[in-house]
Each structure stands twice: as structure tokens, then as C-alpha cells.
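Notes follow the structure.
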Amino acid sequence: MTTRIVIADDQASVREGFRHILEAQGDMAVVAEAADGLSALDLAQKLRPDVLLADIRMPLLDGLELTRRLVDVAPSVRVVVVTTFDLDEYVDTALCEGASGFLLKRSGPALLVEAVKAAVAGDSLISPQVTTRLLRRLAPVRRGGGGPAEPLTAREEEIAGLVAQGMTNSDIGAELFISLGTVKTHLANLQRKLKVRNRVGIASWAWDAGLSGRR
């Protein structure tokens, strides 16, 4: 199956470069480009791509607000933020608002492709330059404080701990001898019960609860 992608960046040269990298894969197609956030929001709602690559600093609507709105109106569209700016506040906000990845533009073509693949698979890829310092200090304030909305099952706690260890969905399935579909169902239940928008929120909760096994 072909992964359908929309690229949102105010620099035409960046959009062109990303298009060349992605379409060279053979199973990825850039279905539209946008030079500002409002256009990207409109295109994403109309085309419902699998992945939206979004810069942060764009005219009319920045990438962080774009991510927040898309999670509400088109949750099937996975947003990967790709930016020049390695700022903790940007990373925190993007992931807490529901982005499926955060990539620095200097990370290179291979990581760009992997970030798209990870988003489609329901995983999250974050540039190695920011991963270590970020994930262990993600504040739980966006969870609204307190415990889960509903009690977690033993299996859900186990999966939350594996997410916190950095395992992908495939890794978790292999570790627990369950299907990829079952893993995704458990993750969806965890997001609902923990009131978080992505697996990064699950990892943050697991670290806070002492479930990661490597604190």
C-alpha cells in the first residue's frame, strides 16, 4: 500500500527536497504541498493523507496549532513535526498536542523516511539529538493529574512499561506473543484511560508510575 503524505513548509526548497526523498521510496506519494498552516489544515481535512509533515514556524497557522487542530478534526492523519529549531518547549508542545514524531531537519533522509513509517505503524520517532533529554522530563500536567480515568489491566500496565522502554509496536508484539492489531488495541485503550494523545504520553505516565523498568 502507498503511504499518502502532505508536506507543509513555507520554504519551497524544503518541500521539494522532502518530496524527492519520500517518493524515491516507491511506496510513498506526496499528494499535496502547503506553504502555510491554514492551507495545510484544509488539505489534510480534504485529502485525509496518512501523514502530514509540518514545519513549526509557518505563516497563518504554526505547526503546533496545526497539530492540535488536526488531532481534533482529523485524528486519522498522523502529524510528524519537522523543524530546524531544537527547543524543548517546541518538542514538549508538539508531542503533548498529539504529534506522532518530532524530527530535526538536519537528521537526514533516512530518519525522515523512518519517521513516516513509524507514524503509519502507530509508533513515534523522535530525533536522537533530543530523545534522551526530553522523554524523561515530559511533565504529566497535560494528563490532567491524578490516575487513569479507568483502572488499567495487568496487560495494559505491561504494555505501558514496554512503551516506556522504547519498544515499537512490533517489538511489543514479539515480546508478548500477541498480534500487531492487539497491540494497537491496547495502546488505544491506554490513551483513552490515561487521557493522553500518543505513545509518548503513555511512556511519560509509565515512567512516573515506575513501570518502565529502567528508571
Side chain proximity check, [X] to [Y], heavy atoms < 4.5 angstrom:
X      : Y      : result
Leu43  : Leu52  : no
Leu103 : Val81  : no
Arg192 : Glu150 : yes

Exercise. If two hydrophobic side chains count as joined below 4.5 Å and joins carry through other members, does Ile178 share a cluster with Ile202?
Worked result: yes
For this session: Find out if a path of hydrophobic residues (ILVMFWY) with successive side-chain heavy-atom gaps under 4.5 Å connects Val116 to Val14.
Result: yes
Determine the minimum heavy-atom distance between [X] and [Y], stating which atoms define it.
X      : Y      : result
Val120 : Thr3   : CG2-CG2, 3.6 Å
Glu157 : Leu211 : O-CD1, 4.0 Å
Pro59  : Asp10  : CD-CB, 3.7 Å
Glu97  : Thr67  : O-CG2, 3.9 Å
Val79  : Ala54  : CG1-CB, 4.2 Å

In a table with atom names and distances, give each donor-acceptor pair under 3.5 Å that connects a side chain of residues 29-37 to protein atoms at least two apart or in another chain.
residue: Glu33; atom: OE1; partner: Arg15; partner atom: NE; Å: 3.1
residue: Glu33; atom: OE2; partner: Arg19; partner atom: NE; Å: 2.7
residue: Glu33; atom: OE2; partner: Arg19; partner atom: NH2; Å: 3.1
residue: Asp36; atom: OD1; partner: Leu38; partner atom: N; Å: 3.1
residue: Asp36; atom: OD1; partner: Ser39; partner atom: N; Å: 2.8
residue: Asp36; atom: OD1; partner: Ser39; partner atom: OG; Å: 3.1
residue: Asp36; atom: OD2; partner: Ser39; partner atom: OG; Å: 3.0

Problem set entry | With Lys184 via side chain to side chain contact (heavy atoms under 4.5 Å, CB included) - residues at least two apart | Asn169, Leu180
Main-chain N/O of [Y] paired to [X] side chain as donor or acceptor, under 3.5 Å:
X      : Y      : answer
Arg48  : Gln45  : yes
Glu156 : Thr153 : yes
Lys195 : Pro148 : no
Thr93  : Tyr90  : no

For this session: Please test Phe18 against Val82 for side chain to side chain contact (heavy atoms under 4.5 Å, CB included), starting from the C-alpha separation and ending with a verdict.
Result: CA-CA 10 Å; Phe18 285 175; Val82 188; 3.6 Å; yes
Problem set entry | CA sep, side-chain torsions, deciding dist, call: Leu53, Val6, side chain to side chain contact (heavy atoms under 4.5 Å, CB included) | CA-CA 6 Å; Leu53 298 179; Val6 169; over 6 Å; no
Problem set entry | Pairs where residues 50-59 contributes a residue and the test salt bridge (Lys or Arg N to Asp or Glu O under 4.0 Å) is met, not counting sequence neighbours | Asp55-Lys105
Exercise. Could you state the interatomic distance from CD (Glu158) to NE2 (His186), rounded to the nearest 0.5 Å?
Worked result: 9.0 Å
Exercise. Hey, are Thr182 and Thr185 close enough side-chain-wise for a donor-acceptor pair under 3.5 Å?
Worked result: no
